[in-house]
Amino acid sequence: MKGIVLAGGSGTRLYPMTLAFSKQLMPVYDKPMIYYPLTTLMLAGIRDILIITTPHDEPAFRHLLGDGGQWGISLSYAVQPEPGGLAQAYMIGAPFVGNGPSCLVLGDNIFYGHGLSAAFVTARQRLIERGGATVFAYHVADPEHYGVVEFDDRYRAIDIEEKPMKPRSHWAVTGLYFYDAEVVDIAHTLRPSKRGELEITDLNRVYLERGKLDVEILGRGYAWLDTGTPESLLEAAQFVATLEHRQGMKIACPEEIAWRQGFIDDAGLDRVIAKLGKSGLFARARPPHRRQPRIDDCQSARLPGSVPANRDEHMNDLPVTPPLLTTRDTGRFERLRRWGSASLTIDSDRTSGAMAVFTARQRFWLLVGVAILTMLRIPLAWLHSRLLCEEGTIFMAYAWHNPASAALWRSFAGYLNLGANASTLAMVKLVRGGLLPLEVAPYFTMTTALVFQLVPAMLILTGRGRWLANRWSVIACLALIVASPRTEEVFLNVMHIQFHLALACALILVLEVPVSRAARIVQWIPLFLAPLCGPGAIVLLPIFALRTLLDRDPARVAQTIALAAGSAIQLLVFYTPSPLRGHLVDPSSLVNLMFVRLAVSPYLTVLVGELAGKGVYTLSLSRGVGWWCATIASLAYFSWLVREALRGGRDAAFWLILTGLALAVISFGAGMLLVDQNVWFYVGAAQRYNFLPMVLLGMGTIGLTMRTENAHRRIFRMLCILTMVSSIATFFIPIPSMRNGPDWSTEVANWRLDHDHRLAAWPQRWVVDLSDKDRPCPPPVLTANSPRDPQYCESNWLALALADSKKNAWFRPH
């Protein structure tokens with residue numbers, strides 16, 4: 001994106017001061033006026049900037065600003081021969097703007113407020129992604145002197161007028177405009193107004209009539225100063241002087257902003273400081289104990305069609321703090337902080353998130369990286385082509401031997417897994433129709449699973465929340481999704497996309513409600529689909545209802561209804577009792593099992609987790625003092641985690657930890673397939689149940705590190721680092737059953753010679769029956785299931801699984 005600073009005009013209201021030189025060269029306290037709009041563009045991340053000025057003043061601007069190289073930006077210059085209106089900037093700057101988006105700022109406008117950088121970056125990102133225009137509205141006492149925007153009762157812009165005699169509102173359009181590539185063509189179609197100028201209001205009205213104009217409201221916590229008169233110039237200088245003296249921080253300092261934005265390095269900053277001599281511009285203030293936040297917690301951004309959670313939200317009293325303007329004394333950690341913002345307060349913020357700290361291109365490549373790492377999680381699967389256990393033995397084989405309707409709506413293991421049914425049925429239909437060779441059929445299901453497993457990552461990269469207002473936190477969350485230790489079983493198979501869809505539901509619960517109505521509707525899809533693929537998402541329904549009750553947000557109500565609809569269909573139509581589920585684990589075993597799987601293993605590596613699991617199992621055999629000491633220690637850890645989550649209010653960390661613990665208690669305590677007790681504490685067994693609680697608790701820990709008021713932030717940051725190290729240590733070392741498997745092409749070749757050949761799946765003891773004989777499956781019952789039934793029948797699977805399962809509740813080993 002390119003930027004334009006319109007610093008032309010004659011400045012007649014400031015005569016005789018502006019007879020000799022441009023008003024944008026006049027000082028506003030300790031800096032030339034041009035510095036303020038210039039740094040506004042820099043805060044928006046714009047580095048290629050055009051300065052439009054008068055022919056007489058151009059040499060002075062060049063002498064003052066140069067080519068911008070000292071600040072890591074590129075400055076170009078153009079002249080405006082005669083004042084012709086603000087929209088004329090796009091006729092003059094057309095060659096400079098080209099076919100891309102741009103931002104225009106007036107040379108005599110000063111913007112100030114907590115987190116304006118985030119608001120600018122959000123507007124810029126929205127423009128890049130979907131075009132249109134964005135302007136900013138500010139409440140003024142004398143709207144008749146400005147372009148005025150009129151809103152309806154839902155704060156949607158319905159009209160814009162230029163300096164009306166009878167203003168319809170007090171909302172003035174400020175001198176900052178974001179436009180897409182169409183702005184040049186639109187500017188050339190404008191006709192001069194009665195004043196003989198091309199009005200910027202007419203240009204904005206074109207976008208409004210096309211339904212492409214976004215108006216963001218700047219509330220009380222912001223200051224917008226127009227320095228076009230002697231009085232306003234004096235007020236602006238006093239305003240800047242008061243804040244700089246009071247806080248000891250500089251406003252609109254291009255040297256520091258360039259350094260903080262990463263435009264120049266430490267050496268570059270030292271060079272520009274040396275050139276300033278004794279000006280005092282970089283007089284050092286004692287650095288604050290706490291780092292200043294970069295992301296705004298008071299922006300009232302609204303898109304057309306959105307409904308504010310509180311109609312009077314824009315009038316709330318908001319804190320005024322300096323934007324990105326502290327000294328460089330914060331050291332090495334501050335240099336790392338250029339990647340994102342500092343820790344933030346617990347209040348919600350609709351402008352924070354990955355979209356505010358990454359460009360669209362960066363987010364695309366992050367998603368590509370997640371896809372590649374997901375594929376690398378089990379690399380041999382792509383080399384040999386793979387169907388994983390029940391995915392081939394049960395789902396594909398059943399679809400092969402039964403009608404499509406029966407295969408699609410079949411309930412297995414007590415519930416409908418629509419994702420696995422539909423994916424394997426589609427694969428079988430393509431193979432039988434000759435559109436997909438059987439040799440490559442597993443790639444169809446692996447790719448389908450990969451697409452679904454990218455949904456949580458896409459939510460992270462497009463969602464909003466203060467816990468994602470830092471690049472490191474976004475990357476850490478993505479890493480948790482793709483590399484959580486000992487969860488290989490849930491990747492690249494359609495049978496377990498239910499876990500990723502349940503994770504998507506949990507993220508929808510935690511993230512801020514999207515501003516866009518279309519985005520809200522899109523989120524209903526995983527909310528409705530996830531319960532139809534597995535029971536994990538159903539566990540989240542009471543938590544959705546709780547948040548809806550607390551937030552009192554209609555959008556949350558719609559989310560809860562979508563999840564409830566899918567859950568009701570699953571529970572009322574498809575859900576049936578299963579002899580392998582519903583057995584309760586006693587509380588002491590449950591809390592120790594959770595500690596081994598969700599604390600020791602992710603923090604201290606899987607190897608230590610396995611050793612700890614063996615030790616806990618040994619203690620469980622005697623149930624002596626050691627057992628109860630371990631139980632108390634485990635309970636103390638989770639109690640501390642819950643206490644820390646509650647201390648910050650109902651922020652993202654609270655909801656993440658609540659959902660993670662709820663899923664862990666239900667999954668481990670009643671939903672996990674029960675086998676020998678020693679396997680409970682082996683983190684490599686039934687690893688699919690580790691995935692959801694491990695990822696959500698890990699993200700909750702990240703959320704806790706993003707809280708400003710948190711005495712244990714260093715502890716949580718260390719836990720995050722330990723989790724990353726543990727994930728990296730085991731990423732390329734999957735459990736034995738995931739390390740290798742049969743070559744599917746060889747199996748298909750043998751099957752073509754003899755259709756009674758059972759094709760080996762992963763692990764190899766699982767086989768796929770694609771014979772020409774279609775045998776009926778008896779209905780599964782709690783007793784009398786037979787291993788002599790076809791292997792794609794649930795009765796066969798139950799008979800084999802029951803041999804290893806524990807049938808008694810509240811198991812007590814002897």
Side-chain angles (χ1 to χ4, degrees), residues 389-391 394-395 398-399 402 404-425 452 490 493-506 509 524-546 559-585 659 662-674 686 688-689 691-693 777-785 792-799 801-802 805-807 809:
C389 49
E390 290 101 333
E391 180 188 28
I394 305 295
F395 290 92
Y398 190 87
N402 289 273
S405 59
L408 181 62
W409 302 112
R410 177 202 191 187
S411 177
F412 174 73
Y415 62 91
L416 171 70
N417 192 334
L418 186 59
N421 287 350
S423 300
T424 51
L425 176 61
F452 278 97
V490 304
N493 70 89
V494 295
M495 187 176 65
H496 290 153
I497 62 177
Q498 57 176 299
F499 294 97
H500 295 270
L501 285 175
L503 176 59
C505 292
L509 168 73
W524 296 349
I525 298 175
L527 289 171
F528 179 77
L529 184 60
L532 297 177
C533 295
I538 301 177
V539 177
L540 301 175
L541 182 57
I543 307 178
F544 263 90
L546 175 62
Q559 291 177 352
T560 305
I561 291 174
L563 182 62
S567 302
I569 295 173
Q570 177 72 272
L571 293 174
L572 298 177
V573 179
F574 299 103
Y575 204 83
T576 58
S578 174
L580 298 180
R581 302 183 191 278
H583 302 280
L584 301 179
V585 178
T659 54
L663 286 165
V665 169
I666 299 299
S667 299
F668 296 143
M672 187 167 61
L673 296 181
L674 296 181
R688 56 189 176 276
Y689 301 105
F691 178 73
L692 278 173
C777 288
V781 294
L782 299 183
T783 59
N785 291 291
Y792 49 82
C793 296
E794 187 173 351
S795 55
N796 179 293
W797 178 79
L798 280 173
L802 280 170
S805 65
K806 296 296 180 181
K807 303 176 183 178

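Counting from 1, the numbers follow the sequence of the chain as shown.
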Any side-chain heavy-atom pair from [X] and [Y] closer than 4.5 angstrom?
| X | Y | answer |
| --- | --- | --- |
| Trp409 | Leu416 | yes |
| Asn493 | Arg688 | no |
| Ser411 | Tyr575 | no |
| Leu663 | Leu540 | yes |

Sequence-distant partners of Phe528, side chain to side chain contact (heavy atoms under 4.5 Å, CB included), two or more places apart
Leu532, Ala565, Ile569
Under the side chain to side chain contact (heavy atoms under 4.5 Å, CB included) test, residues paired with Ala537 that sit two or more places apart:
Ala502, Cys505, Ala530, Pro531, Leu563
Just to verify, what does Gln570 make a side chain to side chain donor-acceptor pair (under 3.5 Å) with, not counting sequence neighbours?
none
Listed by chain and number, what are the side chain to side chain donor-acceptor pair (under 3.5 Å) partners of Thr560, not counting sequence neighbours?
Thr548
With a 3.5 Å cut-off and no angle check, do the side chains of Gln498 and Tyr415 form a donor-acceptor pair?
yes
Checking Phe412 now: which residues fulfil ring pair (Phe, Tyr, Trp, His ring centres under 6.0 Å) with it, not counting sequence neighbours?
Phe395, Trp797
How would you list, by chain and number, every residue that makes a ring pair (Phe, Tyr, Trp, His ring centres under 6.0 Å) with Phe544, sequence neighbours excluded?
none
Where the side chain of Gln559 meets the backbone of Trp524, is there a donor-acceptor pair that is under 3.5 Å apart?
no
Write down the atom of [X], the atom of [Y], and the distance for their closest heavy-atom approach.
| X | Y | answer |
| --- | --- | --- |
| Ala407 | Ala399 | CB-CA, 3.8 Å |
| Cys389 | Met495 | SG-CE, 4.2 Å |
| Gly419 | Ile497 | CA-CD1, 3.8 Å |

Of the options Asn421, Leu418, Leu425, which is the one that meets Arg410 in a side-chain contact (heavy atoms from CB on, under 4.5 Å)?
Asn421
Parallel, tilted or perpendicular: which describes the rings of Phe691 and His500, with under 30° parallel and over 60° perpendicular?
tilted
